[in-house]
**Student:** 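Just passing along the structure, written as structure tokens.
Throughout, protein chains are lettered first and strands after them, A, B, ... in sequence-line order, and every chain is numbered starting at 1. Computed over heavy atoms, backbone and side chain alike; hydrogens, waters and symmetry mates excluded.
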Amino acid sequence: MVLRFRTLKTQSLSKKQQCLSLLNSCRSMDQLRQIQAQVHVSGLYQDTRVLSELVYFCSLSPSKNLRHARSFVHHAATPSPISWNILIRGYAASDSPLEAFWVFRKMRERGAMPNKLTFPFLLKSCAVASALFEGKQVHADAVKCGLDSDVYVGNNLINFYGCCKKIVDARKVFGEMPERTVVSWNSVMTACVESLWLGDGIGYFFRMWGCGFEPDETSMVLLLSACAELGYLSLGRWVHSQLVLRGMVLSVQLGTALVDMYGKSGALGYARDVFERMENRNVWTWSAMILGLAQHGFGEEALELFAIMNNNNNDNRDIRPNYVTYLGVLCACSHAGMVDEGYQYFHDMECVHGIKPLMTHYGAMVDVLGRAGRLEEAYEFIQSMPIEPDPVVWRTLLSACTVHDVHDHTGIGERVSKKLLLKEPRRGGNLVIVANMYAEVGMWEEAANVRRVMRDGGMKKVAGESCVDLGGSMHRFFAGYDPCPDLVPVYHLLDGLNLHLKMVN
DNA sequence: GTAGGGTTAG
């Protein structure tokens with residue numbers, strides 16, 4: 001289709017209006033080039049409104065071309081703030097979000113004044129890029145422009161600091177906001193929950209409620225994900241009851257959050273119940289259910305569900321597994337001892353579904369091999385990884401070594417511990433595993449050496465902690481921590497359990 | 001005469 005101004009019925013409209021109308025109906029870069037030629041001919045090239053529409057198409061339409069948009073703005077004599085903002089917004093959603101920051105620098109160099117709509121997308125770019133250094137400069141600029149009091153700017157500042165794991169700063173911004181909306185509360189909750197400051201996240205929910213804000217769906221999803229992470233079943237059930245009481249529609253997100261919470265808390269019956277009742281499910285819903293089953297020892301059921309998900313006869317024709325689904329699948333294999341299947345799924349993940357394995361997938365596969373006692377194979381698997389294994393991967397194998405290598409003197413435990421300590425020499429927890437491994441096989445001198453290294457280096461293991469939900473409140477337990485007045489029956493029970501386990505094995 | 005905005009899933 002060739003576009004010309006005179007093809008329009010609206011002959012009476014001005015050249016400029018015709019041009020804007022054409023831009024409005026523009027669908028491809030080819031059409032845009034034709035319009036661009038017309039713009040040149042009619043001398044509308046420096047019109048700020050026309051320019052912003054050109055930039056809008058190149059930055060935000062499905063056939064966008066950001067370099068094109070950028071060149072429009074850079075070559076314009078005086079681009080309006082709107083053009084700059086649209087360009088920044090385009091980069092925020094692109095694969096190279098930090099370019100937004102450089103556009104902003106250029107904008108400032110050329111003396112354009114940012115307005116309150118400049119900062120949200122700019123901060124969003126810094127947030128997705130986790131660019132703390134750049135984001136702080138933006139924050140400072142927002143303060144200089146007196147725009148940091150805008151509620152949208154504030155919400156994005158919270159989100160930015162949250163994404164950079166600067167929770168104290170996120171909370172500081174929140175605390176100093178002159179005006180807040182539900183989104184502000186949700187943003188600060190997100191920051192806490194994402195960084196596993198779960199109690200604080202839950203606290204913000206109830207403070208929000210106390211301040212008279214109505215929690216929305218996002219608030220509920222966030223609260224549920226904090227419950228899921230803590231295994232705080234009683235609070236999770238309370239949230240569920242609130243959803244029913246308020247007559248909130250069980251959206252895919254809310255339903256998934258419930259399935260996730262029940263699944264992680266081990267209440268698989270409830271998880272399954274919500275899952276079955278949901279009208280719409282997406283890949284996250286299925287993944288949450290699969291992972292819940294896998295993590296609680298129902299490996300075969302998890303894999304069965306995965307097969308159903310992939311079965312085209314079901315209502316989920318468009319649901320394709322993603323990286324989270326495969327974490328659940330591999331977790332199922334390791335808990336069910338299915339090594340060959342694990343290899344097969346790991347292979348299919350990339351070759352059939354095009355999902356490039358992440359570090360966690362390699363770790364999960366090491367867990368599959370390690371739990372099955374195939375330690376050498378796991379070691380070779382790590383050596384053959386195309387990415388540099390992180391300490392977690394080595395620690396997974398080392399833990400497997402302490403279980404399986406105790407009476408076997410192949411020395412794989414030693415090799416693995418060397419690899420791990422090379423990467424993370426100062427983490428006390430690593431040395432504790434190594435010392436225990438030596439002690440287990442009676443290599444007392446070596447064990448003592450490791451302990452001495454720890455002591456001399458001032459290294460301590462961060463105490464492992466367990467939470468138990470009792471009568472609706474969370475109780476935290478540490479090893480060696482002794483708040484209970486009468487532990488004797490507890491130890492008797494534990495002894496009994498250990499005996500039972502040994503007899504079963 | 002004038003255009004555009006935020007938070008959420010292992």
Side-chain angles (χ1 to χ4, degrees), chain A residues 14 16-17 20 23-24 47-57 59-60 80-90 92-93 115-124 127 147 150-160 162-163 170 174 177 180-194 196 201 204-205 208 213 215-226 228-229 251-261 263-264 281-295 302 321-331 358 360-361 363-364:
Chain A
S14 72
K16 178 172 161 181
Q17 279 166 322
L20 291 175
L23 274 166
N24 219 356
D47 182 278
T48 54
R49 176 84 165 96
V50 170
L51 176 77
S52 71
E53 289 299 332
L54 283 169
V55 176
Y56 189 90
F57 182 84
S59 300
L60 297 169
S80 66
I82 291 171
S83 300
W84 289 107
N85 293 352
I86 293 167
L87 184 56
I88 287 169
R89 185 177 161 196
N115 59 26
K116 65 178 183 180
L117 290 113
T118 311
F119 289 103
F121 284 115
L122 189 54
L123 287 163
K124 175 84 189 163
L147 291 168
D150 181 79
V151 67
Y152 284 82
V153 176
N155 293 348
N156 277 285
L157 278 168
I158 295 168
N159 182 241
F160 157 70
C163 287
F174 176 80
M177 282 173 89
R180 295 183 189 121
T181 62
V182 176
V183 178
S184 318
W185 288 93
N186 289 348
S187 301
V188 76
M189 270 179 77
T190 305
C192 290
V193 174
E194 288 262 299
L196 301 181
Y204 277 116
F205 179 89
M208 165 172 81
F213 286 91
D216 64 4
E217 188 183 315
T218 305
S219 323
M220 293 303 199
V221 169
L222 286 165
L223 186 54
L224 282 169
S225 74
E229 205 64 52
S251 67
V252 181
Q253 281 91 336
L254 261 179
T256 303
L258 278 173
V259 171
D260 182 43
M261 182 277 295
K264 286 228 172 71
R281 307 177 192 119
N282 64 16
V283 62
W284 297 98
T285 324
W286 287 85
S287 305
M289 193 65 234
I290 290 169
L291 195 72
L293 288 166
Q295 283 175 325
N322 66 11
Y323 75 101
V324 184
T325 325
Y326 269 104
L327 282 179
V329 167
L330 292 173
C331 179
L358 302 174
T360 45
H361 295 108

**Student:** At less than 4.0 Å, is any side-chain N or O atom of A:Lys124 found next to OP1 or OP2 of B:dG5? Yes or no.
**Tutor:**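 False: A:Lys124 side-chain N/O out of range (4.0 Å or more) of B:dG5 OP1/OP2.
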**Student:** Just call it for A:Asp216: base, sugar-phosphate, or nothing, with non-hydrogen atoms closer than 4.0 Å on any strand.
**Tutor:**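 No contact.
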**Student:** Report the distance from atom CD of A:Glu194 to atom C1' of B:dG10, rounded to the nearest whole Å.
**Tutor:**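 About 11 Å, once rounded to whole Å.
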**Student:** Rounded to the Å, how far apart are A:Arg89 CZ and B:dG4 C1'?
**Tutor:**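 Whole-Å distance recorded here is 6 Å.
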**Student:** What is the distance, rounded to the nearest whole Å, between atom CG of A:Leu123 and atom P of B:dT7?
**Tutor:**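 Those two atoms, CG and P, are 11 Å apart.
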**Student:** Taking all non-hydrogen atoms of both residues, which atom of A:Gly328 and which atom of A:Ile290 are closest, and how far apart?
**Tutor:**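 So the minimum-distance heavy-atom pair works out to C-CG2, 4.0 Å.
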**Student:** Measure from the side-chain heavy atoms of A:Pro120 and tell me the nearest of B:dG5, B:dT8, B:dG4.
**Tutor:**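 Shortest atom-to-atom distance from the side chain points to B:dG5.
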**Student:** What's the closest nucleotide to the side chain of A:Lys116 if the choices are B:dG5, B:dT8, B:dG6?
**Tutor:**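 Of the candidates, B:dG5 comes closest.
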**Student:** If I take atom CG in residue A:Leu122 and atom C1' in nucleotide B:dG4, what distance separates them, rounded to the nearest angstrom?
**Tutor:**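 Taking atom C1' of B:dG4 as the reference, CG of A:Leu122 is at 15 Å.
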**Student:** Answer yes or no on whether A:Arg180 is positioned over the face of A:Phe213, meaning its NZ or CZ is under 6.0 Å from the six-membered ring centre and within 45° of the axis.
**Tutor:**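 So A:Arg180 doesn't make the cation-pi contact.
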**Student:** I'd like to know whether A:Ser187 forms a side-chain hydrogen bond (donor to acceptor under 3.5 Å, both in side chains) with A:Asn159, so could you lay out the CA-CA distance, the side-chain angles of the two residues, the decisive distance to 0.1 Å, and finally the verdict.
**Tutor:** CA-CA 6 Å; A:Ser187 301; A:Asn159 182 241; 5.9 Å; no
**Student:** With heavy atoms under 4.0 Å as the rule, sort A:Ser287 into base, sugar-phosphate or nothing.
**Tutor:**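 The answer is nothing, as A:Ser287 stays clear of every strand by at least 4.0 Å.
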**Student:** By nearest atom, which of the nucleotides B:dG5, B:dA9, B:dG1 is closest to the A:Lys16 side chain?
**Tutor:**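 Per side-chain heavy atoms of A:Lys16, the pick is B:dG1.
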**Student:** Quickly work out the A:Met261 CE to B:dG10 P distance and round it to whole Å.
**Tutor:**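 Checked: the CE to P distance equals 13 Å.
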**Student:** Given atom OH of A:Tyr152 and atom P of B:dG4, what is their separation to the nearest angstrom?
**Tutor:**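 In whole Å, B:dG4 P lies 13 Å from A:Tyr152 OH.
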**Student:** Using the side-chain heavy atoms of A:Thr218, tell me which of these nucleotides is nearest: B:dG4, B:dG10, B:dT8.
**Tutor:**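 Between B:dG4, B:dG10, B:dT8, the one nearest the side chain of A:Thr218 would be B:dT8.
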**Student:** What integer distance in Å separates A:His361:NE2 from B:dG10:P?
**Tutor:**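 Those two atoms, NE2 and P, are 13 Å apart.
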**Student:** Figure out the CG/P separation between A:Leu327 and B:dG10, and round it to whole Å.
**Tutor:**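 Checked: the CG to P distance equals 11 Å.
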**Student:** Does the ring center of A:Trp185 lie less than 6.0 Å from the ring center of A:Phe174?
**Tutor:**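 Here the rings of A:Phe174 and A:Trp185 have centres that are less than 6.0 Å from each other.
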